[in-house]
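Here's the structure we're looking at; comments come further down.
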Amino acid sequence: MPEGGPASLRPKIILSLDFGRRRIGVASGDTLTRTAHPRTSFTNGPHGPDWAALDRILADTRPARIAVGEPYNADGSESPLTGDARRFATELARRCGLPVDLVDERWSSQDAEERLRSERASGDRKRRVTKEAIDAAAAAVILERWFETKT
């Protein structure tokens with residue numbers, strides 16, 4: 001076998017996005033460690049996402065694929081954001097040419113906020129919990145779910 005093994009065995013970077021109407025949270029991880037790390041968030045608004053910010057993130061991380069949170073209501077029905085997130089994922093795949101997977105994101109923001117507040121209460125987190133931090137942490141929760149189902 002060639003040094004380093006076949007390309008299919010090499011760890012791949014996965015980028016995860018938590019789609020929201022105001023911000024899109026970003027996390028990344030790799031298929032070897034299967035750990036997700038919150039990174040940042042960028043704006044989304046009436047004129048669409050900040051594609052330039054996302055292009056910089058893509059250039060920095062060079063992911064093999066992208067996971068996008070697909071919002072549902074607690075009962076599994078589609079939420080008002082479900083269609084917007086799907087359209088975003090479709091446009092993202094078209095723009096970047098990478099595979100994009102939709103991942104059920106129910107409760108991801110609540111899970112993320114709970115984790116961050118717990119870290120703050122224990123002293124592990126020094127900074128206050130911002131909406132931007134919650135969005136990035138929610139993207140990490142989405143990526144953890146992707147790792148559970150896809151690897």
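All values reported here derive from a predicted model rather than from experimental measurement.
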Could I get the full list of side-chain hydrogen bond (donor to acceptor under 3.5 Å, both in side chains) partners for Thr149, not counting sequence neighbours? none
Quick check against the 3.5 Å criterion: does Asn73 have a side-chain atom that pairs as donor or acceptor with the backbone of Asp75? no
Applying side chain to side chain donor-acceptor pair (under 3.5 Å) as the test, list every pair that has at least one member in residues 49-62; sequence neighbours left out. Arg39-Asp60
What's the spacing between Phe88 CZ and Leu102 CG if we round to 0.5 Å? 10.5 Å
Apart from Ile13 itself, which Ile, Leu, Val, Met, Phe, Trp or Tyr residues share its cluster (side-chain heavy atoms under 4.5 Å, direct or through members)? none
Under the rule for salt bridge (Lys or Arg N to Asp or Glu O under 4.0 Å), what residues qualify as partners of Glu78, not counting sequence neighbours? Arg86
Quick check against the 3.5 Å criterion: does Asn44 have a side-chain atom that pairs as donor or acceptor with the backbone of Gly20? yes
Which residues end up grouped with Trp146 if you chain together Ile, Leu, Val, Met, Phe, Trp and Tyr wherever their side-chain heavy atoms are less than 4.5 Å apart? Ile14, Val103, Ile142, Leu143, Phe147
Once you round to the nearest 0.5 Å, how far does CG of Leu54 lie from CD1 of Ile24? 7.0 Å
Inter- and intrachain pairs under side chain to side chain donor-acceptor pair (under 3.5 Å), touching residues 22-37, at least two apart: Arg23-Asp135, Asp30-Thr33, Thr33-Thr35, Arg34-Thr151, Thr35-His37
Applying side-chain hydrogen bond (donor to acceptor under 3.5 Å, both in side chains) to Thr82 and not counting sequence neighbours gives Ser79
Looking at Glu91 and Arg94, does any basic side-chain N land under 4.0 Å from a carboxylate oxygen? yes
